[in-house]
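Input: a single structure, listed below in structure tokens.
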Number of protein chains: 2
Amino acid sequence: MKLSTKGRYGLMAMFQLALEFGDEPISLKYIAEKQGLSENYLEQLFSNLKRDGLIQSVRGAQGGYLLTREPKDITVGQVLRSLEGHLAPAECVQHDIDCSKEDNCATKLVLMKIKDSIDNVIDSITLEDMVVETLKNNSN
Amino acid sequence: MKLSTKGRYGLMAMFQLALEFGDEPISLKYIAEKQGLSENYLEQLFSNLKRDGLIQSVRGAQGGYLLTREPKDITVGQVLRSLEGHLAPAECVQHDIDCSKEDNCATKLVLMKIKDSIDNVIDSITLEDMVVETLKNNSN
DNA sequence: TTATACCCCACTAATATTGTCAACATTCAA
DNA sequence: TTGAATGTTGACAATATTAGTGGGGTATAA
């Protein structure tokens, strides 16, 4: 029941983009160094994020990545789903595939409740929330 | 972010034990057939559940497994944790290990909220709840 | 023109998952 | 007493996933 590093690293990187949100594109190299992650690995993650319209890229020297909208308009859920796919605890919950038990499967009901609960949390937190929280902690 | 089959199969098996809760031990073979699972694999899971005091075994002919207490006193959380370990979405949340960022890690705060939310759900559902829900659905 | 950066795809080592299998111990019932 | 039913334990293996690495491109600013 772990989040893979895709989700975790990707979220850390997106947080960094939110922290330095502005007009200047930010390079992968910078993010990788700042967060202590592999640049090559981040590339793959950013490819997903771009495909899903959460970031845009600027090629060439002085290029990099930018959020496509303000941090307050990007949720943690959007980021994690882009990187991990749906955060369902099992296939049958994700695609509504029948586990040959259909509605009678008591376990499925439990798993759906878990999924709903996770969705609820990640869809209610934005990148801006993360930034605000961090700034608040640092000022202590 | 998937639950492994350990958690899923184990919960299905525990549900079966709850459904037929009584004085008679229930054999693995029966449970495996009833739920369509591998008997040998279930053995490993039951070893965990027994270690954590959720079930007891009766050896020999006519033997099998029994819940150690009533279904209403066993939560889904107890079952899943016995099989999967803590359901934290990342190591740093689970053991409070520092990710070298300590308190400043905005991502960790998010992950902790996810964990709390999951814990909240699974600790609030008992095996009895699962049974009741199932009987209700079947009577429709 | 050159350095910087994104882009894309192939590949791999390590790890976790999902079991299988075999030998053994205990108990019940005939 | 014996055999069948059942739990116990530990080793093993196939497969999938994770977590990267590496290299050869292309675009662009300076």
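By convention in this document, chain letters (A, B, ...) are assigned in the order of the sequence lines, proteins followed by strands, and residues within each chain are numbered from 1. Just so you know, these numbers use all the heavy atoms, side chains as well, and skip hydrogens, waters and symmetry mates.
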- [ ] Find the distance B/Lys2:NZ to D/dT18:P and express it as a whole number of Å.
- [x] 9 Å

Task: Among C/dC6, D/dA29, D/dT8, the nucleotide that comes nearest once only the side chain of A/Leu28 is considered - done: C/dC6

Open item on the list: Is there a side-chain contact between A/Tyr30 and the phosphate of C/dC6, meaning an N or O under 4.0 Å from OP1 or OP2?
Closed with: no

TODO: Please confirm whether the backbone N or O of A/Gly7 pairs with a side-chain atom of A/Glu84, one donor and one acceptor, at under 3.5 Å?
DONE: yes

Open item on the list: Measuring from the side chain of B/Tyr41 (C-beta onward, heavy atoms only), which nucleotide among C/dT20, C/dC6, C/dC28 has the closest atom?
Closed with: C/dT20

- [ ] Please report, rounded to the nearest Å, how far the P atom of D/dG7 is from the NZ atom of B/Lys50.
- [x] 10 Å

Task: Short side-chain N/O contact from A/Lys29 to OP1 or OP2 of C/dC6, under 4.0 Å - done: no

Task: Nucleotide C/dC6, atom C1' - distance to CD of A/Glu24 in whole Å - done: 17 Å

Task: Among B/Asp52, B/Thr75, B/Asp123, the one residue meeting side chain to side chain donor-acceptor pair (under 3.5 Å) with B/Arg81 - done: B/Asp123

TODO: With the side chain counted from C-beta on, respond yes when A/Leu11 and A/Leu127 share a heavy-atom pair under 4.5 Å apart, and no when they do not.
DONE: yes

TODO: Using atom types as modelled and distance alone, determine if a side-chain donor or acceptor of A/Ser4 lies under 3.5 Å from a backbone N or O of A/Lys6.
DONE: yes

Task: Separation of atom CG in A/Asn40 from atom P in D/dG25, rounded to whole Å - done: 16 Å

Open item on the list: Using whole Å, what does the distance between atom P of nucleotide D/dA19 and atom CG of A/Leu3 come to?
Closed with: 9 Å

Open item on the list: How about NZ on B/Lys115, more than 12 heavy atoms from neighbouring residues, nucleotides or ligands closer than 6.0 Å, or not?
Closed with: yes

Task: 5' precedence on DNA chain D between A/Glu43 and B/Gln44 (nearest-nucleotide basis) - done: B/Gln44

Task: Side-chain N or O of B/Ser57 closer than 4.0 Å to phosphate OP1/OP2 of D/dT6 - done: no

- [ ] Calculate the interatomic distance between B/Met1 atom CE and D/dT17 atom C1'; express it in whole Å.
- [x] 16 Å

Open item on the list: D/dA19, OP1 or OP2 - any side-chain N/O from A/Thr5 closer than 4.0 Å?
Closed with: yes

TODO: Quickly work out the B/Gln56 CD to C/dT27 C1' distance and round it to whole Å.
DONE: 16 Å

Open item on the list: C/dT18, OP1 or OP2 - any side-chain N/O from B/Tyr9 closer than 4.0 Å?
Closed with: no

- [ ] Compare side-chain N and O positions of B/Ser4 against OP1 and OP2 of C/dT18 and report whether any pair is under 4.0 Å apart.
- [x] yes

- [ ] Salt-bridge test for A/Asp129 and B/Lys113: reply yes if a basic N is under 4.0 Å from a carboxylate O, no otherwise.
- [x] no

TODO: Report yes if a donor N or O on one partner sits less than 3.5 Å from an acceptor N or O on the other, where the partners are the side chain of B/Arg59 and the base of C/dA25; otherwise report no.
DONE: yes

TODO: Please state whether the phosphate of C/dT18, meaning OP1 or OP2, lies under 4.0 angstrom from any side-chain nitrogen or oxygen of B/Ser38.
DONE: no

- [ ] Starting from P on C/dG19, measure out to CZ on B/Phe46 and report it in whole angstrom.
- [x] 15 Å

Task: Residue whose closest nucleotide on DNA chain C lies nearer the 5' end, A/Gly64 versus B/Lys6 - done: A/Gly64

Open item on the list: With nearest nucleotide decided by heavy atoms, which residue, A/Gly60 or A/Arg8, maps closer to the 5′ end of DNA chain D?
Closed with: A/Arg8

